[in-house]
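All remarks here apply to the structure that follows.
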Amino acid sequence: MPMTTSDEATLKYDHLKQSSVIIGMSGGVDSSVASLLLKQQGFTVVGLSLVTHDRGMEAAADARAVCRRLGQELIVVDMRDSFQESIVHDFVDAWLAGLTPNPCVLCNPTVKFKTLIDTADRFGFRHIATGHYASVRRHPDSSRLALAKTDSGQKDQTYFLYRLQQEQLARIIFPLDGMSKPEVRRLAAEYGLEGEQGTALAEKPDSQDICFIPDQDYLGLLREEIVRRGLDDARKHLEPGPIVDVHGQIIGTHKGLLAYTIGQRKGFDVKTTERLFVIARHFSTNTLVVGPFEHVLKQTIQVKSVVYSGIGNFDEAQPVTARVRSSAQPAACRVFNNRDKSLTVRFDQPVASPAPGQSCVFYDRGLILAGGIITESAD
RNA sequence: UGGGGUGUCGCCAAGCGGUAAGGCACGGGACUUUGACUCCCGCACGCGUAGGUUCAAAUCCUGCCACCCCAG
């Protein structure tokens, strides 16, 4: 009988754990190519498709086709019910509370990455992966983990991932780190990756908009949910009311306050000669206030529910940069700590329409330091 | 029914005899794993109406209509 120490056995077992990975697969080109890259690097890859809404099954079918092609397993997790109860429910509540929620930001840590890690734990795998364009680095000073923009600098999805915790970041592999979208599409074409119907994934358009809302019609979803949940008080927020300018003059009729968010420019047929933006929604009087662009510029915002990544806390008046929406360039600002753990952020130059409910994410040279939810803004 | 003024795209508005600027709104694209923003493209064979002058009129002339103002 060969002598095997328990240490050696653990070592072999560890090797298996280290070389296996659960990857989230959406059926799109990014996660498919990410999967391909992991396989090429010698990982044992198991795919995981999350079905969060009724139309998610076709996406899972495309993921299945890719897995078949790559010779890997695919697990499909149907979590429509729990997704409805958590993310969709909160999304609706936030809108009804006058906020402008960003469901993706919450879904990533609490649903998407959580399920990936839970599944990895069940398999005894150390790593999880996704097809995001992002990377995980260590902050040079704190040695904490932080998301970072990828070197390619082309596509950057870090904003949506800022709420991932240290334990989660420690287990993530982003195979697309450093790649550009065209490179990814080229690889997909080169390896002939295709979906269930034989459509080339290289040609598949990027996913966009909120995954659980068909046709970008979030208002339609709100309407349905208000009826389904019997939220009679909220019905009035779907009814037309006056649009007033900054002087209080009625200049038109809006189509329900829930159809608008701060900074919005379109969607109100109003007699005007200049560009007007939504500067406030008054739910008590069902009034929409609009005005010229300068009224939408804000220099100070309050941020709560902060998740710290690259740093454990801010120095007083620490100069950093922050983005108030995913597509914005980070803007210079200073951060002040409040007693209740919230932050006051003062931008060097005013930023356009930061909306309560949206996220403010702090960056330092491409590294995410922290991020939180905007609660209010001031001039 | 005396005098004066104005009538150009849904809204505002250039044009002042040479063959309809522009802005807002709207529609369509691009961008985008949130709401938005932004960008690009489109948008009056016709200028209250009916005639007239002219090679040529939204632009000049006349009638009519509508609205506004001032007087009664």
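To find a chain, count down the sequence lines: A is the first, B the second, and so on, and within it residues start at 1.
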message: Here's a test of your reading of the structure: between A:F91 and A:E274, which maps to the more 5' nucleotide of RNA chain B?
response: A:E274
query: Say you pick atom C1' in B:G22 and the same atom in B:G15; how far apart are they, in whole Å?
result: 12 Å
query: Does any nucleotide pair with B:G46 by Watson-Crick or G-U wobble geometry, both distances under 3.5 Å, and what is it?
result: none
message: Strictly below 4.0 Å: does A:R265 bring a side-chain N or O up to OP1 or OP2 of B:A36?
response: no
- prompt: What distance, rounded to whole Å, do you find between the two P atoms, one in B:A21 and one in B:C16?
  reply: 13 Å
- request: Could you check which nucleotide pairs with B:G7 in any of the strands shown, counting Watson-Crick or G-U wobble with both distances under 3.5 Å?
  value: B:C65
field: Base orientation of B:C61, syn vs anti, 90° cut from 0
entry: anti
query: Between A:F83 and A:H53, is the ring centre distance below 6.0 Å?
result: no
field: P spacing across the pair B:C24 / B:A58, given as an integer number of angstrom
entry: 27 Å
- prompt: Pick the nucleotide of RNA chain B nearest each of A:N102 and A:F268; which residue has the one closer to the 5' end?
  reply: A:F268
message: How many whole angstroms separate atom CD of A:Q329 from atom C1' of B:U38?
response: 13 Å
- request: Please measure how far the C1' atom in B:C26 lies from the corresponding atom in B:G63, and state the result in whole Å.
  value: 38 Å
field: Side-chain donor-acceptor contact under 3.5 Å, A:N108 with A:Y162
entry: no
task: Using Watson-Crick or G-U wobble geometry with both distances below 3.5 Å, tell me the partner of B:A58, or none.
output: none
message: Can you check the distance between B:G10 and B:G46, where both ends of the measurement are the P atom (answer in whole Å)?
response: 14 Å
- prompt: Looking only at atom types and distance, does a side-chain atom of A:Q264 sit under 3.5 Å from a main-chain N or O of A:T261, one as donor and one as acceptor?
  reply: yes
field: Identity of whatever pairs with B:A25 - Watson-Crick or G-U, under 3.5 angstrom
entry: none
task: Run through A:K114, A:R171, A:R126 and flag the one making a salt bridge (charged side-chain N to carboxylate O under 4.0 Å, His left out) with A:D121.
output: A:R171
Counterpart base for B:U19, defined by Watson-Crick or G-U wobble contacts under 3.5 Å: none
query: Tell me: CG of A:L219 to P of B:U34, nearest whole Å?
result: 18 Å
- prompt: Which listed nucleotide (B:G35, B:C12, B:C24) is nearest to the side chain of A:Q358?
  reply: B:G35
query: Do A:V21 and A:F125 have side chains that get closer than 4.5 Å, going by heavy atoms?
result: no
- request: Take atom C1' in B:C61 and the same atom in B:A44, then report the distance between them in whole Å.
  value: 26 Å
field: Out of B:U38, B:G35, B:C26, whichever nucleotide has its closest atom nearest the side chain of A:K266
entry: B:C26
query: Between B:U34 atom P and A:L222 atom CG, what is the distance in whole Å?
result: 16 Å
message: Work out how far the P atom of B:C65 is from that of B:U49, and round it to whole angstrom.
response: 15 Å
message: Is the distance between the ring centroids of A:F314 and A:F362 under 6.0 Å?
response: yes
task: Determine the interatomic distance between P on B:U6 and the same-named atom on B:G48; round to the nearest Å.
output: 13 Å
Phosphate OP1/OP2 of B:A36: any A:R325 side-chain N/O under 4.0 Å: no
